[in-house]
Number of protein chains: 2
Amino acid sequence: MRRVSIEDIARQAQVSHSTVSRALRGNKRISLAVRTQILQIATELGYTPNAIAQSLQQRQTNTIGLVVADVADPFWGEVVKGVEAVSMHNQKALFLSASQYEPSRQLAVIEVFHQRRVDGIIVGDSQLGDAQITRLARIKVPTVFLNSQADHAYPGFHAVGIDNYAGGVLAAQHLWALGHRQVAYLGSTKRPASNHLRGLGFADTLRGYGLPTSAIMTHHSPSLAEDLRIGYELASTLDFTQVTALFCYNDSIALGALTYCRSVGIAVPQQLSIVGFDDVAMAQFSMPALTTIAQPKVALGETAMHLLLAVLAGQPTIDTILTPTLVVRQSSAPAPKGTAQ
Amino acid sequence: MRRVSIEDIARQAQVSHSTVSRALRGNKRISLAVRTQILQIATELGYTPNAIAQSLQQRQTNTIGLVVADVADPFWGEVVKGVEAVSMHNQKALFLSASQYEPSRQLAVIEVFHQRRVDGIIVGDSQLGDAQITRLARIKVPTVFLNSQADHAYPGFHAVGIDNYAGGVLAAQHLWALGHRQVAYLGSTKRPASNHLRGLGFADTLRGYGLPTSAIMTHHSPSLAEDLRIGYELASTLDFTQVTALFCYNDSIALGALTYCRSVGIAVPQQLSIVGFDDVAMAQFSMPALTTIAQPKVALGETAMHLLLAVLAGQPTIDTILTPTLVVRQSSAPAPKGTAQ
DNA sequence: CTGAAAGCGCTTACAG
DNA sequence: CTGAAAGCGCTTACAG
């Protein structure tokens, strides 16, 4: 059951396989007559070029590798969508692999991608450490980091991300303006860097307004459960006489917290305001609809892919930090009377 | 910037590249001495085998292509997760592409996968027509259909899916037992086959109980918007004096409908019961939590991949239809007084 | 135990 | 305008 190759076409057309190759690639030096003949035989035979052979010969596979921590995460689903769209549009095939938030698996996936000689790699939520980065540098595959979770930048590599700190600032400004003076941040342990920055932007800003650090609580769960559940459980540990507003690492955590509150009769936003992050599809459909710090998710994926394409094309590039925006919906409202200082 | 090849290793080790190849693959006919020496040089040089060259030579790429309609769909996110896990575990790399519910793009993606000589393909929500199937048959790539949306089976191909009709039956039984006698089905135009079967199982069962067809409404939206919005909009067209229960194509549509109901003050489940399909993560966290027909989403993906692996291994296989289960939560309750016949 | 040779399916510089 | 040759980086049957 051999597949048909240019050799087969050549035989039928009584020409050399070189000529077939040229005709197929639209080389104008082949006479129109033989070119059309070859094209016709090719369709008759149901010929499909072998991209593997082309890749080997051209030392370029037109293939991109994408590694994300979790494919089923609603945020990453949108990001992958953006990456895939641009990838497809530029005739690059996309390899997808999940790393489950494990740094060792991130590198393992990258090694596999390299074996397959992908032209470039996009890694989401990178937690690669120095040793792993050294190895990556040695591999010399153009790489762009998407929302890196490393504690420092990776010199020599490209990155696109969101301004997490600015997002935290936005949440703080919003909640402060509504009169909230006792707040909590529900964070995510799985994503150390963005978690830290969101919480920091939030706390710094409130402290800047004069709020004592003691009025800003921070809660993290070591659990590896899904975010909705983490949000629910974190909320259940809260002392609601001490907080009037919650800022959550992301919408899933916020939605989980919201569900807990409703289940125990805490009115949102009358008694408690909740602000999420990401603006996933569900944020518009919760009751109340979620106030959130929106990330341009699809654009983030598109931007990362465009950056990578530019790198591959040898063009000069600059890293991109997109800016989040505040989307006010119904889960946030003025602090309940008597709580403001 | 050439990468290091077995040729480079051979030169350093003063042996032929054949010997290097053998040593690297653990061929026991190579003496231990030279084998260790070669292995060491390989690591020193940072050698990574070129899978492209191996693929060409072995006429097998250890690569699988997966085409789904929408990566960001919460149901498919879970399914992809299952496919990816099994794929990774069996050292197959996974190509991912989105078809946006367009049959022409499904085939286009398949053609690209074939060019790249994937060993097998999994296509989700297939809407391939006869002409396209003819082409696919000609390509002769082992293919398994995951939740096919074609109106008839594809003879000669493999399939795994859920028993949609049985799911509709489950919903009907549940709602009937609760005393509902005026119901509506909120369907999905984007997935014709499963939509039809879910609605049919639902309606057949109720008719079997003696409910007149006029008491079973069906609503579809031609919109290509996201499911949450479709559910919201479909719900807004309902005459709630004529329905006490809703069965929705999936959880997203159900969640959208639920949001609409809450926004206009219709109490769920007191005035209206809602049953979804899929049991996505969010179903447990809506208020009220959603009663739904659960699909084993990750298992569906895993099963499809296992089936494909069996086909590739030349083992005998049988198509699999998984059975959905009813998960009762808080969005369904006895029909309000006075509505039962 | 090891090497020389052929070949996987292409592309392209070099001749003619 | 077309062909013969080399080569991309491997694997493996055939000799020795």
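First the proteins, then the strands, lettered A, B, ... as listed; each starts at 1.
Remark: B/Asp119 pairs with no residue by the salt bridge (charged side-chain N to carboxylate O under 4.0 Å, His left out) rule, at least two apart or across chains. Checked against side chain to side chain donor-acceptor pair (under 3.5 Å), A/Gln12 has no partners two or more places apart in sequence or in another chain. Residues passing the side chain to side chain donor-acceptor pair (under 3.5 Å) test with A/Asn164 are A/Arg198, sequence neighbours excluded. Under the ring pair (Phe, Tyr, Trp, His ring centres under 6.0 Å) criterion, A/Phe75 pairs with no residue at all, not counting sequence neighbours. For the salt bridge (charged side-chain N to carboxylate O under 4.0 Å, His left out) test, no residue two or more places apart in sequence or in another chain qualifies with B/Asp125. Every residue meeting the salt bridge (charged side-chain N to carboxylate O under 4.0 Å, His left out) condition with B/Arg191, not counting sequence neighbours, appears here in chain and number order: B/Asp73, B/Asp227. With sequence neighbours excluded, the residues forming a side-chain contact (heavy atoms from CB on, under 4.5 Å) with A/Ser55 are A/Thr61, B/Ile52, listed by chain and number.
Annotation: ring-ring contact (aromatic ring centres under 6.0 Å, His included) contacts involving residues 119-162 of chain B, sequence neighbours excluded, comprise B/Phe145-B/Tyr154, B/Phe145-B/Phe157. Among residue pairs with one or both ends in residues 22-36 of chain B, those qualifying as side chain to side chain donor-acceptor pair (under 3.5 Å) are B/Arg25-B/Gln58; sequence neighbours excluded.
Between B/Arg116 atom CZ and C/dC10 atom P there is a gap of 14 Å when expressed in whole angstrom units. Between the CD atom of B/Glu7 and the C1' atom of D/dC10 there is a distance of 10 Å, given to the nearest Å. Summarising the geometry, the separation between CZ on A/Arg3 and P on C/dG7 is reported as 21 Å, rounded to the nearest angstrom. Atom-to-atom, CD1 of A/Ile6 to P of D/dT2 comes out at 15 Å; the value is rounded to the nearest Å. Rounded to a whole Å, the CD1 atom of B/Ile9 is 16 Å from the P atom of C/dT2. When the P atom of C/dC10 is taken as reference, atom CZ of A/Arg59 falls 17 Å away, rounded to whole Å. Taking atom CG on B/Asn27 and atom C1' on C/dG3, their separation rounds to 13 Å, with Å as the unit.
For the pair A/Ser18 and B/Ile30, nearest-nucleotide mapping onto DNA chain C gives the more 5' position to B/Ile30. Positionally, the nearest nucleotide of DNA chain C for B/Arg35 lies more toward the 5' end than for the other of B/Arg35 and B/Arg117.
Considering only side-chain N and O atoms, A/Thr19 lies under 4.0 angstrom from the phosphate OP1 or OP2 of D/dG3. Residue B/Arg25 places no side-chain N or O under 4.0 Å from the OP1 or OP2 atom of D/dC10. Phosphate contact (OP1/OP2 of C/dT11, side-chain N/O of A/Ser21, threshold under 4.0 Å): present. Between A/Ser16 and D/dA4 there is no side-chain N or O to OP1 or OP2 distance below 4.0 Å.
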Pairwise N/O distances under 3.5 Å, protein to nucleotides 14-16 of chain D:
none

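Side chain of A/Ser87 to main chain of A/Lys92: a donor-acceptor pair is present (N/O by atom type, distance under 3.5 Å, no hydrogens or angles). Side-chain atoms of A/Gln149 come within 3.5 Å of backbone atoms of A/Ser194 as a donor-acceptor pair (strictly under, hydrogens ignored).
Side-chain proximity of B/His17 to D/dT2, D/dG3, C/dA5: nearest is C/dA5.
For the contact set between residues 42-58 of chain A and DNA chain D, defined by any heavy atom under 4.0 Å, the members are A/Leu56, A/Gln57.
Among the duplex regions that DNA chain C forms, those built from at least three successive Watson-Crick or G-U pairs under 3.5 Å are C:1-3 with D:14-16, C:5-12 with D:5-12, C:14-16 with D:1-3, ordered by first number.
Atom CD1 of A/Ile162 and atom CG of A/Leu146 lie 10.5 Å apart (nearest 0.5 Å).
Residue contacts shown for B/Ser31 are limited to sugar-phosphate atoms, with no base heavy atom under 4.0 Å away.
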